[in-house]
Amino acid sequence: MNIKQLQPPDAEKLFSDLVNKIQPDINENIMLVGVRTGGVWLAQRLHQELCLTHPLGILDISFYRDDFDRIGLHPKVKPSEIPFEVTDSHIILVDDILYTGRTIRAAINELFDYGRPASIRLAILVDRGERELPIAAQYVGAELVLPSGKMLNLQQGSDGKLSLSLHDKQLPE
Amino acid sequence: MISRNPQLNRTGELQHLLTTEGLPATILLEILDTAESFVGVTERDVKKIPLLRGKSVFNLFFEPSTRTLTTFEIAAKRLSADVHNLNVAVSSQSKGETLLDTVNNLSAMDADMFVVRHLQSGAAHLIASHVQPDIHVINAGDGRHAHPTQALLDMFTIRRYKQDFRNLRVAIVGDILHSRVARSEIHALTTLGVPEVRVIAPKTLLPAKVERLGVHVYHDMVKGLKGVDVLMMLRLQNERMQGANLPSPEEYFKYYGLTQEKLSLAQPDAIVMHPGPLNRGVEIDSAVADGKQSVILSQVTFGIAVRMAVMSILAGN
């Protein structure tokens, strides 16, 4: 899909596509981990939709970012919560947008500080390409090509519904 | 002209941590909130995160310390920094090198952060005003002046047990005169909105005009402890006493030592804190120090998370 006209896709539609793609691989050993903030919303919805019983993991990758030297600590870092044994577990990592791959690199590093998982797979709502690291997602809602200088953002409404919006990339101060 | 707070950079972010005096509540709360995330890290299998990888932290302790030095060292190592502990009391300084020459030499070894403890008030300020702008200084206690990380970890402990600062009665008991911890605590407590801060001490252990800091003064434990939610006990600092401020430790314990009986005057759910090291049987009875209202060991544990928060906020600014 190529969105030259600035119309973001329907997040709920992409979400149900994502559910359908993950469903066949779900079994009782699968653990879901969402990356703050958008990835956690998605992981919570997936957890419900796929009727998973294991507790959901939450990662805040602020302490593992590779641009800490340039931008410092995010003022609102929240604790990561991994309420299960990571060692030997099969994990599906969930995030909203896959772009450079740096967030996922940080998330994988953090998971390994909790233990040695048996496997990690990646579920993504939107893959917008332009990777800077050798990272690929196994479950993808949609692949999009975005105009350069545009960012795609996931929001969650008060009713829990997900939506995507396009805006200009913020220039560094 | 209003002079700029030497701890803040041009955009109002924390550049050095020298004292809690004059720091806005937003910065104090930012440190406490960040520390909350680090508590999670200290409960994991791998208690290390890569934030300060490749950075050099120098612990410059011109005065003996066990707990503070060790917790700063643990905090820096958990952030993956390279830590160098300098026992300056027995090194170049004793050969006549000045404080600033020591710092210049260490800066030439590519230091990124100095953690400084000194028996002279103002030592950390002096270093902070001379280092390059990309080097950060943390005051780990200077003379009678300030000990900001101790005050912050105490604020963190209070918030953990009491949630809201705005409805608390806090009593600081003991040797206020010689205590940098008490000064830093008073500034932090009042900035965070604690409505009633009391100091309880004999006249000889209170600084002149202490009321100006916004505290209520008591000389009698029985009156001062009534209805208090938080008791912050201080160590009797024998090494800083000049002349006879007190008749004897036994006499002090009789009037100002915290016993279970005196503790019962405070709120039933009051917490008892102490910055350590404890003088059992002088300022606090063993039964209280080890009792169920004591949070003294939690203070030590939280101290690591709070120091991790301070170091990572400074390094990122």
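Convention: sequence-line order gives letters A, B, ...; per-chain numbering from 1. These numbers come from a predicted model, not from an experiment.
A parallel orientation is assigned to the rings of F38(B) and F63(A), their planes being inclined by less than 30° (bins at 30° and 60°).
When heavy atoms are compared at a cutoff of 4.5 Å, S62(A) approaches chain B solely by way of its backbone atoms N, CA, C and O. Heavy atoms of L79(B) lying under 4.5 Å from chain A are absent altogether. Heavy-atom distances place the backbone of K48(B), and not its side chain, under 4.5 Å from chain A. For a residue to count as touching a neighbouring chain, one of its non-hydrogen atoms must lie under 4.5 Å from one of that chain's; by this rule V41(B) touches chain A with the side chain only.
Looking only at side-chain heavy atoms (C-beta outward), L23(B) and T191(B) stay at 4.5 Å or farther from each other.
Per-residue counts of heavy-atom pairs under 4.5 Å with chain B were compared for G72(A), P79(A), G115(A); the largest is that of P79(A).
D127(A) and L98(A) get closest at one heavy-atom pair: OD1-O, 3.6 Å. Closest non-hydrogen pair, A309(B) versus I31(B), comes out as CB-O, 3.6 Å.
At distances below 3.5 Å, not a single donor-acceptor pair connects side-chain atoms of E81(A) with backbone N or O atoms of I58(A).
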